[in-house]
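To start, the structure itself, in C-alpha cells.
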Amino acid sequence: MQDVVVIGAGLIGCGIAYELAKRGASVTVYDRAEPARAASWAGAGMLAPYSEEVVDPALLALCAASLRAYPAFVEELRERTGVDAQLRHEGTLHVAFDDAAARGLAAQCEAFGRNGAVATVLDRDATLAREPMLGGNVRGAVYVANEAHVDNRRLGRALVAACTDAGVRFERTGGVVLEADARRVRGIRTEHGFLAAATVVNAAGAWAGGLPGVPAAARIAVRPVAGEMLALAVPKGFTRGLVWSNHVYLVPRDDGRLLIGATSVEREFDVRVTAQGVASLLAVALRIAPVLGTFALVETWAGLRPASHDGRPYLGRTHIDGYLVAAGHYRNGILLTPVTAQAVAALIAGERPPVDLAAFNPQRAPEAA
Ligand code: GLY
C-alpha cells in the first residue's frame, strides 16, 4: 500500500510529492503526460501577484508567503540536483504609451502599494534608463520592485530530479479513477488495476474538476482558461525584468528568448495557438518595443490555466477522509508552488501548515454545497 498517491505531475503535484518524500513517505505521482508539462511548462514563470492584480486579501497573503519562500526553494533544488531555476528579482515595469495610461500611473502605483507592492512612478527618462529597448513614444511607468521571475521549465526539471532523488515514483498513465466510498478514500484505479493508498491528492491542474470517481460531496469546480504565448530570440540582456502594457507581458530568459504572453481564452481543453492570438500579442509587443519586429519568432505554445469558481485555489482536505485537493491556482500556479507544497504536505504529515488554509477549503466549492 502506498502512503500517498498524487494525481498530476505538474509543479504543484511534484512539489507536494517532494515535500512528503523528504518526510519519509512512500509517494507515487500519476500523470498521462511526462512530469512538469502542461501549465507548469507553458507558463511564463512570473512571480508577480501585484501585477496580476490579485486583490483578495487571503490570496494576496498566500502569494506573498510563496514569494518569500522562493529563494530557499530554488536554492534547495539547485543544491540537490545541480539544476538552477534562474530566479531573478528584477521587478516589473508597467509602461504607459498614451495620455490616458500616463494619467493613470499615479493611481495604478497607489493601488499596487495598497496591496503590498513596493511601487514607484517613473518619468519617461527613468523608464528608458531602466529599459532602453522601449519604444520612443513611452510616457512613463510604474515600477514594482518586489516581484520576480523564474524559468519554470528549468524549475520543473529541478523538481522532478529532486523528487526522483528523494524516492518519489512517477507513473505515466491516463484514466486514473479515484476509489472512495462516502467517507474514506481507498486508493485509485488505473489501466493496471487497483492501487490501495491511505491518501490521494488531486493536483491535476485544469483537469482536477473532472477526476472520475470523486463523490459528489468532494467535487471541485475547475475550468480551463487557455493562454497562448510566443517567444522571440533577442540579444542577451535585451530587457532587465518583466515588462507589462495593455495586459501583455514580456519575460526575459537567460537563454536569449523573450517570452510574450498571454491571451486568455475559454474554449475548453483547446491548446491550439491561433493566428489571432499571435497577432494580438505581437500588436502590443511591437508597440512596447518596435525593434522586436526584427527578431526571429522561435516558439509558440499554449497552456491551460486552472480557474476555480471564485479565484482562490482549493487546498486541503475534503469530506472524504484521505482525499485532498491542491488545484485551481489559475494565473499563479508557479508562484504558489512552494507554499502549496509545504502547506499540503504538512497537513498530510499531521504538522501545522506554515500558512492558514481556511480560505482555501475545497469544501467551499459550489458542487460540494
Ligand atoms: N501568470 C501569467 C498568466 O497566467 O498568463
Side-chain angles (χ1 to χ4, degrees), residues 10-12 15 36-56 59-60 62-64 66-67 70 85-88 90-94 112 115 117 144 146-156 205-208 222-231 239 241-253 257-267 269-274 276-278 280-285 288 299-308 310-313 327-340:
L11 289 174
I12 298 288
R37 297 292 293 192
S40 301
W41 181 90
M46 288 185 298
L47 311 180
Y50 313 110
S51 297
E52 287 284 4
E53 295 179 5
V54 175
V55 290
D56 173 351
L59 183 54
L60 257 177
L62 194 72
C63 288
S66 212
L67 193 51
Y70 241 97
Q86 297 175 340
L87 175 63
R88 301 286 178 257
E90 293 288 356
T92 308
L93 199 63
H94 290 262
F112 283 144
N115 289 330
V144 178
N146 53 342
E147 293 189 323
H149 59 96
V150 68
D151 185 329
N152 44 296
R153 295 183 188 175
R154 293 180 71 97
L155 180 67
W207 295 267
V222 177
R223 65 182 202 286
V225 180
E228 295 152 293
M229 296 196 56
L230 56 91
T239 57
L242 306 174
V243 177
W244 287 57
S245 189
N246 271 333
H247 306 290
V248 170
Y249 48 76
L250 313 183
V251 187
R253 285 283 181 265
R257 285 176 309 138
L258 182 70
L259 314 190
I260 302 177
T263 61
S264 197
V265 191
E266 302 221 17
R267 51 174 191 223
F269 292 88
D270 180 351
V271 286
R272 284 174 307 140
V273 178
T274 63
Q276 176 61 48
V278 171
S280 68
L281 295 172
L282 283 176
V284 181
I288 294 173
E299 197 183 348
T300 61
W301 69 98
L304 298 171
R305 306 176 183 93
S308 70
D310 60 2
R312 292 178 177 175
H329 295 75
Y330 192 37
R331 296 181 65 102
N332 292 297
I334 293 162
L335 168 60
L336 290 170
T337 293
V339 81
T340 300

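Counting starts at 1 for both ligands and their atoms, in listed order. Remember, it's a predicted structure, so these values are computed and weren't measured experimentally.
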Ligand 1 to A262, heavy atom cutoff 4.0 Å, flagged ligand atoms 5 (O)
**OP:** Look at D270 together with R272 and state whether they make a salt bridge at an N to O cut-off of under 4.0 Å.
**Re:** yes
So the atoms of ligand 1 within less than 4.0 Å of a heavy atom of R305 turn out to be 3 (C), 4 (O), 5 (O)
Inset, instruction - Please say whether more than 12 non-hydrogen atoms of neighbouring residues, nucleotides or ligands are located less than 6.0 Å from CD in E266. - result: yes
### Task
Just say parallel, tilted or perpendicular for the rings of W301 and W41, cut-offs at 30° and 60°.
perpendicular
Open item on the list: Less than 4.0 angstrom from a charged side-chain N to a carboxylate O is my criterion; do R153 and E299 meet it?
Closed with: yes
Here the atoms of ligand 1 under 4.0 Å from any heavy atom belonging to M46 are 1 (N), 2 (C)
Here the gap from L62 atom CG to T340 atom OG1, rounded to the nearest 0.5 Å, amounts to 6.0 Å
Under 4.0 Å from one or more heavy atoms of Y249, ligand 1 contributes atoms 2 (C), 3 (C), 5 (O)
closest protein heavy atom to atom 1 (N) of ligand 1 is E52 OE2, 2.6 Å
